[in-house]
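Below is one structure, written out as structure tokens; comments come after it.
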Amino acid sequence: MILTNEIKQNLIELINQKFPGWTGFDDERFIRDERDYKVKKAQKAQDLLGRETFEALLAKENYPEILERLKQITGDINLLFRPKLNIGDAAVLFSDKLDLNEFCNKIFNLLYDEKPSHERLDDFEDYIKANQLPDKWPFPTFLLYIFNPETEMIIKPELTKRFLYMFNEIAVYEEKPSGLAYKAIVEICNTIKTGFSEFNPKDMIDIQSLLFVCFKQNTAETKKTQQQQNSDDSIDETIIEYGNDNQDALAFWIYRPGVNKNHWDLDLEKGIMAIDWGVTTDLSGMTEQEILAEVEKADTVDKKGQCNTFVNKIKKGDFILSIGGKNTLLGYGIVKSDYRFDNLLPESRHIRDVNWIPAESEMFPEKKFAFSQRNTLSRLWDPSLITYLLQKDKNLRNILLNEPEEQSDNPVILPVNQPAPYTIEDALEDLFMERADLEEILFVLRHKKNIILQGPPGVGKTFIARRLAHLVMGFKDSGRIRMIQFHPSYSYEDMIQGYRPDGNGNFVLKESVFFRFCIQAQQNPDKDYFFIIDEINRGNLNKVFGELMMLIETDKRGPDHAIPLLYNDEKFYIPENLYFIGTMNTADRSLAMVDYALRRRFAFIDMEPKIDSRGFIKFLAEHCDSMETAKSIVDVFIKLNKKIEEDHQNLGKGFRIGHSYLCNGKPSGMTFSEWYKMIIRTEIMPLLQEYWFDNPEKVRKETENLLNY
């Protein structure tokens, strides 16, 4: 991750809105408002449960005292959300499922084990999941942060996602606590700390405070803008306290009350939503695997995911849209109860209480909002339908904002206006290519839907991939882009679904990244989605995609081509609105030729080094001494690439060196010459050593040519 000058200046401007003339992390106002109380909290945590104290309490098996001290540490601080103790960020401390002995030892290991912190977090998560305890990002990361403020960071979901979007790093985020995601986020925070070094940050307390202040100022500006836009007393679509992509927040669900809506009258009369499917057992407290076993007995295996969702995933306060037929709104309501079982209701044994408000059978306009015709229950990921309903029904807005008393403190802001358009001209400002070349790539992507950008290292393959997605969308929306990187061990289970250990000696079926992304695209057919696979030729596509390999083809998209999945026989399809963009390094010696199955399904586009382009020369001249210096550097790289291309025995055209090595910009405090020499010695020279591993004299000579431009 790179902290660009633009992002840095944005952060500085935001913090200056709160603290005009902010001088740095030693600013007295910043210390008073943001730092002092957190430092005191960290000291209090050490006083209450420092390592020696914790060990002594464990030795005495005084687990109630440890629990009480944890409640003191997590209480009375605005870093954790606590509308009610038993549903807030620290809800696990109030769970009636706690085995105090085991829990206290797991907390000790989280804080003091010798493993790296991200591995400790994974161990703690395995325990939480295995025991079905409240599972939220803030609690374990708050403990890591408050006991180790020099190196660790608290993860507040909406704040974290906001700044990850800013850095174009949202792909690292996971909905539930994850060691790898935590490690990546902490590394990004360390990059910010380094980038703000001239302001003298002392620890992660300073960085967390910086991000929090910027988040609050940005949110305040957004609300202010929206209030101005809605001053004509029209529908104010400001903040709905539901999360459209955060499992910890409250959620929207689509519910179909029986074939031909034949259960809707009963649902409305009794104030319930209900499913049955022949499952006659009370599912209270069951795990997903146990629910699957019960559903199999009823011979309705295709409903097992929906059963588990109904029992374990829907929460009190969630918002339900009852849909009949293809697109008729029957009513909407708020979930008022946990799951319960009632054997007396025919064909409606599995129940949630809902406060329903009937609608007047309104049809949504011309397929603008599409829903699954197959599922009784599905999650609504796209808030555009809610935006539409808000515009038509002010009573609905009041319900959403005022009804649930257990709302999340992490609001999702629904957009009032479309984001700024992203055009060919915008993309060309970042790319060193001709307009005609970019338009040709766009045409191929729109027509084929599957492309691979192939070329030597440093030609900007990954860089252009995101911009192609933005161009097809017409604006920037990172939420509809998912990026992964293949490696030789990447498997079907990593990509689609597979059985994973649950930490309790069992294996449960879990959907993986591509499966979830396809579902999101299926639920929003009027929007384009982009799945970017970096280093696509490093994976075995037949192994990774399995039975879905056929469905990658453009003419095999959509529900008409759905096929059963390997593990659960559920029919699945790749939607027509999903695009694949792969990247491939032609200089990777470790890879065999790309197989025919891959070539037949993708269009291949050659990416050339743009060292000699007018745009790159101009860019380079702006960062060095003069245009003459830029041209001299370009000349030595052109000569080097010519020698690489002419080395037909060992190298060739696919091994040339791209322009992006010189595009990241020099760090503050370094001259251009110092930075350039660092790039040559630490990035280009090791590449040449790999190219000409049997000719060190040639490597030395070519490196000197680059240094002595």
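- If you look at Phe310 and His350, their ring centroids are not closer than 6.0 Å.
- Two residues are said to be in side-chain contact when any heavy atoms from C-beta on lie closer than 4.5 Å; Leu79 and Phe212 fail this criterion.
- For residues 53-68, the salt bridge (Lys or Arg N to Asp or Glu O under 4.0 Å) pairs, not counting sequence neighbours, are Arg51-Glu55, Glu65-Arg69.
- Taking Arg480 as the reference, Asp477 meet the salt bridge (charged side-chain N to carboxylate O under 4.0 Å, His left out) condition, with sequence neighbours excluded.
- Residues forming a side chain to side chain contact (heavy atoms under 4.5 Å, CB included) with Asp36 (at least two apart in sequence, or on another chain): Ile31.
- For the 3.5 Å distance criterion, the side chains of Gln43 and Asp47 qualify, holding a donor opposite an acceptor.
- Atom CG of Leu133 sits about 5.0 Å away from atom OG of Ser95, to the nearest 0.5 Å.
- Under a 3.5 Å cut-off, the side chain of Thr74 and the backbone N or O of Leu70 do form a donor-acceptor pair.
- Tyr339 and Asn312 share no donor-acceptor pair across their side chains, judged by distance under 3.5 Å alone.
- Between the side chains of Asn101 and Asn105, at least one donor N or O sits under 3.5 Å from an acceptor N or O.
- The distance from the CD atom of Glu114 to the CG atom of Asn109 is 10.5 Å, given to the nearest 0.5 Å.
- Checking Thr281 against Glu294 by side-chain atom types alone, a donor-acceptor pair falls below 3.5 Å.
- With no hydrogens or angles considered, a side-chain donor-acceptor pair links Glu547 and Tyr492 at under 3.5 Å.
- For the residue pair Gln208 and Lys38, a side-chain donor N or O sits within less than 3.5 Å of a side-chain acceptor on the partner.
- A centroid separation of less than 6.0 Å is found between the aromatic rings of Phe580 and Phe514.
- Residues forming a side chain to side chain contact (heavy atoms under 4.5 Å, CB included) with Ser491 (at least two apart in sequence, or on another chain): Glu493, Asp494, Lys543.
- With values rounded to the nearest 0.5 angstrom, Ile532 atom CD1 is found 10.5 Å from Ile484 atom CD1.
- Atoms CD1 and OH, on Ile155 and Tyr145 in that order, are 11.0 Å from each other to the nearest 0.5 Å.
- Side-chain contact between Leu541 and Phe486 is present, with at least one heavy-atom pair separated by less than 4.5 Å.
- Applying ring pair (Phe, Tyr, Trp, His ring centres under 6.0 Å) to Phe54 and the options Phe147, Phe108, Tyr63 leaves one that passes, Phe108.
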Verdict with supporting geometry, Glu174 and Tyr182, side-chain hydrogen bond (donor to acceptor under 3.5 Å, both in side chains): CA-CA 9 Å; Glu174 296 287 344; Tyr182 179 73; over 6 Å; no

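- Within 6.0 Å of NZ in Lys202 there are more than 12 heavy atoms belonging to other residues, nucleotides or ligands.
- Residues Leu121 and Ser117 have side chains not in contact (no heavy-atom distance under 4.5 Å, counting atoms from C-beta outward).
- Of the possible polar contacts, one joining the Arg352 side chain to the Ile314 backbone as a donor-acceptor pair under 3.5 Å is found.
- At least one side-chain heavy atom of Glu102 sits under 4.5 Å from a side-chain heavy atom of Tyr127.
- Two residues are said to be in side-chain contact when any heavy atoms from C-beta on lie closer than 4.5 Å; Gln72 and Leu48 meet this criterion.
- A distance of 7.0 Å separates CZ in Phe530 from CD1 in Ile481, rounded to the nearest 0.5 Å.
- Looking at Glu125, its side chain never comes within 3.5 Å of a backbone N or O of Lys176 through a donor-acceptor pair.
- Applying the salt bridge (charged side-chain N to carboxylate O under 4.0 Å, His left out) test to Asp534 and every residue at least two apart in sequence or in another chain returns nothing.
- In this structure, Arg120 contributes its side chain and Leu110 its backbone to a donor-acceptor pair below 3.5 Å.
- The CG atom of Leu377 lies 7.0 Å from the CD1 atom of Ile320; values are rounded to the nearest 0.5 Å.
- Counting heavy atoms from C-beta on, the side chains of Val335 and Phe319 never come closer than 4.5 Å.
- With sequence neighbours left out, the side chain to side chain contact (heavy atoms under 4.5 Å, CB included) criterion links Lys183 to His118, Glu187.
- The side-chain heavy atoms of Lys336 and Val354, taken from C-beta on, include no pair separated by under 4.5 Å.
- Between Phe124 and Phe103, the ring-plane angle classifies as tilted under the 30° and 60° cut-offs.
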